[in-house]
Amino acid sequence: MTMKTKGQHFLLSAKARTLSLKAVFTMGEDKAYDTFKGMRWPENDGEAICPRCGCLDTYNITTRKRFKCKACYHQFSVTSGTIFASRKMAYVDLLAAIVIFVNGAKGVAALQLSRDLDCQYKTAFILTHKLREAMAQEQEGRKLDGIVEMDGGYFGGYVKPENRKEDRKDRRLKSNRSGKRECVVIMRERNGKSLSFVVPNEGDAVPYVRDHVENLATIYADEGTGWDALHAGWDTKRVNHSVAFMDEGVCTNQAESYFSRLRRMEVGTHHHIAGPYLKHYAAEAVWREDHRRVDNGRQAAMVTEAAMRSNVSRKWARYWQRAA
Ligand SMILES: [Zn+2]
């Protein structure tokens, strides 16, 4: 195995700027494997580091794509301890899955991924959720400052209308709704980072805003009464959408474009994003909005790097074993 210089692995090369599936499959399993090593151990030029004791001296069990630490004898693979641990796919398929996932501007359905890669639906289902988890990691502990646009949108609690008018229920009544109706709140810095969270109603957002928006920030929100409480904590400007969408420079256009993406993900891809996974889809839409101008090869690198840094998620690890 030849030593490689830093940053030479495929996803960071100029060639990967526009990354096609064809390019991924042409590279083959060995080069895909090297790519994952480069992402896992960038500080050691893609050469293994023992995750248990930090030792750089390892035996390379090439046939099994595993390593054994010379100091503590711990055996591990490039994905041990990451969200890709207990993966069911070849490295080349895993990389292809990441490319398909980042290329899907409206998100990617697990069913489509399972068909594209000829893998089990459950494998694709867990993988898409893990990739969402990797995307969401970037938003942890995030603080917003400057001008912050804020808006809320409700998801879930749908009622399919009955065919005959006399059979239809009043969908405004809570008792007639199925599932939980929840509010996704989006906060977006002007030309900066974004953050999403899920609360029962817009008005419930204030404690979260307190934790994630700096005191000196200026908040732009619409006329919804849920936002009235913001005036007590921040310089808050309102735009009355029933009058105009831009009121002396105050607008929530960035928040609107976020919701248009999340709605497209819902209507065009997943059909149903409410319930326990709503916050993951909301975070995925944040990632896609924030990095929409980044070329897709770099996007694939960002998701892969994040995934290689993420500790194995207990929830999905258990799910994976159950699904096996
Ligand atoms: Zn060790």
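Just so you know, ligand 1 is whichever comes first in the structure, and atom 1 is the first atom listed for that ligand. All values derive from a computational prediction rather than experimental measurement.
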Less than 6.0 angstrom from the centroid, inside 45 degrees of the normal: does [X] satisfy that with respect to the ring of [Y]?
{"X": "Lys279", "Y": "Phe197", "result": "no"}
{"X": "Arg292", "Y": "Tyr258", "result": "no"}
{"X": "Arg263", "Y": "Phe155", "result": "yes"}
{"X": "Lys65", "Y": "Tyr33", "result": "yes"}

### Query
Can you give me the SG-the Zn ion (ligand 1)-SG angle for Cys50 and Cys69, to 10°?
110°

### Task
For the Zn ion (ligand 1), decide whether His74 has an N, O or S atom at a distance under 2.8 Å.
no

### Message
At less than 2.8 Å, would any N/O/S atom of Cys72, backbone or side chain, sit next to the Zn ion (ligand 1)?
### Response
yes

